[in-house]
Enquirer: 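Dumping the structure here so I can ask a few things about it.
Because the structure is a prediction, the values reported are computed rather than measured. In the text below, chain A, chain B and the rest are named by the order of the sequence lines, each starting its count at 1.
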Protein chains: 2
Amino acid sequence: MTQNETFVYQLLCDADRPLSAYNILDALRDKGIRAPLQVYRALAKLVERGAVHRIESVNGFVACQLHDCGGNEVSIFMLCTQCERAHEFTNISIDSRLQSLSNDLGFQVAHKVIEITGRCADCQTAQTAAPKH
Amino acid sequence: MTQNETFVYQLLCDADRPLSAYNILDALRDKGIRAPLQVYRALAKLVERGAVHRIESVNGFVACQLHDCGGNEVSIFMLCTQCERAHEFTNISIDSRLQSLSNDLGFQVAHKVIEITGRCADCQTAQTAAPKH
DNA sequence: ACAGCTATGTTATATTATAACATTCCGAAA
DNA sequence: TTTCGGAATGTTATAATATAACATAGCTGT
């Protein structure tokens with residue numbers, strides 16, 4: 001892992017929610033990261049190797065919360081609009097159904113996205129944003 | 001449906017692939033649409049009422065291909081990276097599993113996104129982009 | 001007529017992402 | 001040890017996507 005990738009990855013691991021590339025840029029100025037491309041390049045590598053996931057619904061990035069996703073199943077993200085936290089799951093059954101739907105149609109899958117936005121259990125209980133872990 | 005919404009919706013119905021807001025803007029200049037907000041406002045209304053879906057993976061918009069999606073199941077999109085066409089499906093089983101996964105976790109669902117990118121059957125056969133319909 | 005609501009229009013700006021090019025670093029081959 | 005080549009880095013500029021803030025117009029019910 002190169003230096004910039006390490007900075008970005010550590011930051012994402014410490015964060016409790018998806019960060020945008022520009023959030024990351026701002027947070028890493030003091031590490032000598034000055035331009036968006038430095039961040040985007042590190043993110044591209046990290047995503048490629050499954051250490052980080054891109055969250056399409058919020059244009060953000062999170063560290064993989066599972067087995068450092070070499071795994072091939074889709075990750076399912078639940079995204080709380082209130083506390084902004086992202087929880088990652090896998091579900092064999094959902095994944096295999098999606099895969100067979102694709103197979104039936106002769107569609108060659110490159111990437112799958114499953115994202116659910118809403119309000120997490122903690123935030124519903126709290127009526128206000130749940131405290132950080 | 002207001003005038004701007006009609007313009008945008010018609011354009012999306014005629015298109016055979018997701019269009020970006022700026023694609024739409026450019027296409028509707030001669031209808032008197034001049035600013036991004038005019039497009040984004042129309043899109044927001046159309047999406048709200050289920051006539052149009054936003055495709056997160058490509059930052060684009062497509063007209064609903066089903067029952068003018070008052071329906072509540074998730075739409076599953078297959079997005080071909082070659083011909084750029086989007087095909088929309090529903091699948092009760094996948095949807096209900098996703099829903100019960102959420103229920104089990106006490107997550108209150110507001111919106112679900114399922115998008116699969118890859119290569120459609122036509123494009124695999126053709127080795128080159130499939131012709132338009 | 002007027003109050004209030006929705007739709008519209010306009011300008012400016014914020015946010016997200018990439019192109020194009022120059023430089024540096026480091027390991028393997030000569 | 002030098003040098004070649006590829007990967008990583010850095011820098012500037014710009015493209016693409018999205019919203020804020022404010023002004024105006026049109027329509028409806030009283």
Enquirer: From CD of B:Q38 over to C1' of D:dT19, roughly how many Å is that when rounded to an integer?
Expert: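 Roughly 14 Å, once rounded to whole Å.
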Enquirer: Whether B:E5 and B:R49 form a salt bridge (side-chain N of Lys/Arg under 4.0 Å from carboxylate O of Asp/Glu) is what I want to check.
Expert: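 Salt bridge between B:R49 and B:E5, a charged N being under 4.0 Å from a carboxylate O: yes.
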Enquirer: For the pair made of CG in B:D26 and P in D:dA15, what is the distance, rounded to whole Å?
Expert: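 Whole-Å distance recorded here is 14 Å.
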Enquirer: What residues from residues 28-37 of chain B pass a heavy-atom cutoff of under 4.0 Å to DNA chain C?
Expert: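 The stretch gives B:R34, B:A35, B:L37 as the residues lying under 4.0 Å from the strand, ordered by number.
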Enquirer: Among residues at least two apart in sequence or on other chains, which ones pass side-chain hydrogen bond (donor to acceptor under 3.5 Å, both in side chains) with B:Q99?
Expert: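 Partners of B:Q99 by the side-chain hydrogen bond (donor to acceptor under 3.5 Å, both in side chains) criterion, ordered by chain and then number, come out as B:N103, B:K112.
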Enquirer: What is the distance, to the nearest angstrom, from the OH atom on A:Y40 to the P atom on D:dG10?
Expert: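 Between P of D:dG10 and OH of A:Y40: 17 Å.
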Enquirer: Apply ring-ring contact (aromatic ring centres under 6.0 Å, His included) to A:F77 and list each qualifying residue two or more places apart in sequence or on a separate chain.
Expert: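 Expected list: A:H53.
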Enquirer: Among residues at least two apart in sequence or on other chains, which ones pass side-chain hydrogen bond (donor to acceptor under 3.5 Å, both in side chains) with A:Q38?
Expert: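 Once residues adjacent in sequence are excluded, A:Q38 has no partner under the side-chain hydrogen bond (donor to acceptor under 3.5 Å, both in side chains) criterion.
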Enquirer: Over how many whole Å does the gap from B:R41 atom CZ to D:dT24 atom C1' extend?
Expert: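 So the CZ-C1' distance, B:R41 to D:dT24, works out to 12 Å.
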Enquirer: Once side-chain hydrogen bond (donor to acceptor under 3.5 Å, both in side chains) is applied, do any residues pair with A:S102, and if so which ones, sequence neighbours excluded?
Expert: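 Checked A:S102 against side-chain hydrogen bond (donor to acceptor under 3.5 Å, both in side chains); zero matches.
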Enquirer: How many Å lie between OH on B:Y22 and C1' on D:dA15, as a whole number?
Expert: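 Going from OH in B:Y22 over to C1' in D:dA15 covers 11 Å.
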Enquirer: Using the heavy-atom set of chain A and a strict 4.0 Å cut-off, write down the first and last nucleotide of DNA chain C that makes it in, 5' to 3'.
Expert: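 Both ends considered, the range comes out as C:dT16 to C:dA20.
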Enquirer: Whole-Å distance between D:dA16 P and A:N59 CG?
Expert: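 From A:N59 CG to D:dA16 P: 16 Å.
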Enquirer: Does A:T2 have a side-chain nitrogen or oxygen under 4.0 Å from the phosphate oxygens OP1 or OP2 of D:dT9?
Expert: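 Looking at the OP1 and OP2 atoms of D:dT9, one of them is under 4.0 Å from a side-chain N or O of A:T2.
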Enquirer: Quick test of your reading: applying salt bridge (Lys or Arg N to Asp or Glu O under 4.0 Å), list the pairs with at least one residue in residues 75-84 of chain A, sequence neighbours left out, ordered by first then second residue.
Expert: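 Output for this query lists A:R17-A:E84.
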Enquirer: Could you work out, with side-chain hydrogen bond (donor to acceptor under 3.5 Å, both in side chains) as the rule, every residue matching A:R34, not counting sequence neighbours?
Expert: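 A:R34 satisfies side-chain hydrogen bond (donor to acceptor under 3.5 Å, both in side chains) with no residue once adjacent residues are dropped.
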Enquirer: Mind checking side chain to side chain contact (heavy atoms under 4.5 Å, CB included) for A:A27 and listing every partner two or more places apart, or none if nothing turns up?
Expert: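 Result, side chain to side chain contact (heavy atoms under 4.5 Å, CB included) vs A:A27: A:L11.
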